[in-house]
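Take a look at the structure set out below.
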Amino acid sequence: MLQHQWDWWRAHKVAQVVKGLLEEARISKPVWVFSLGWKQGHQHGQDPRMLIDAGISFNAPMFYEADQQQFAAMLEDWQR
């Protein structure tokens with residue numbers, strides 16, 4: 001449970017920073033980011049929904065360094 005709270009807090013802080021940067025830079029075009037594919041990046045302070053709320057237009061997950069079974073598991077995880 002504590003790990004989930006920590007991951008949420010980090011993702012929230014990252015989203016706040018992203019939102020602040022986009023507002024300060026007055027970005028008028030769509031913004032594209034790459035997120036880590038494992039567990040939707042939560043263990044690295046990323047959350048796809050929070051990034052969208054922060055103003056990210058396109059979030060491309062990176063699926064790399066995975067064997068066939070791991071790749072299938074990541075795709076299923078992202079679809080949920």
Side-chain angles (χ1 to χ4, degrees):
M1 182 67 166
L2 183 59
Q3 183 64 46
H4 293 295
Q5 292 172 335
W6 172 248
D7 290 344
W8 182 91
W9 182 83
R10 288 191 314 171
H12 181 69
K13 293 301 282 183
V14 168
Q16 284 180 322
V17 168
V18 168
K19 183 174 182 166
L21 288 170
L22 294 176
E23 288 173 354
E24 187 176 334
R26 296 186 180 137
I27 302 294
S28 60
K29 295 182 180 183
V31 176
W32 180 298
V33 298
F34 290 95
S35 293
L36 296 170
W38 294 106
K39 297 183 182 177
Q40 297 156 343
H42 290 157
Q43 71 273 39
H44 297 284
Q46 299 172 350
D47 183 281
R49 291 177 187 95
M50 286 187 196
L51 290 174
I52 290 168
D53 289 345
I56 297 300
S57 304
F58 302 101
N59 186 358
M62 296 183 290
F63 298 119
Y64 58 92
E65 294 186 14
D67 61 26
Q68 192 171 7
Q69 287 180 325
Q70 292 168 330
F71 184 77
M74 283 195 292
L75 288 179
E76 184 179 323
D77 189 36
W78 272 86
Q79 288 174 359
R80 277 189 264 129

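This chain uses plain numbering: 1 for the first residue, then up along the sequence. All of these numbers come straight from a predicted model, not from anything done at the bench.
A single hydrophobic cluster is seen to contain both I27 and V33, as judged by linkage of ILVMFWY side chains at heavy-atom distances under 4.5 Å, directly or through other members.
Note that CD of Q5 is 10.0 Å distant from CG of D7, once rounded to the nearest 0.5 Å.
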Sequence neighbours excluded and cut-off under 3.5 Å, please list the side-chain donor-acceptor pairs for residues 50-60, or say none.
unit_1	atom_1	unit_2	atom_2	d
S57	OG	V31	N	3.3
N59	OD1	S35	OG	2.6
N59	ND2	S35	OG	3.3

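For Q16, the side-chain hydrogen bond (donor to acceptor under 3.5 Å, both in side chains) criterion is met by H12, not counting sequence neighbours.
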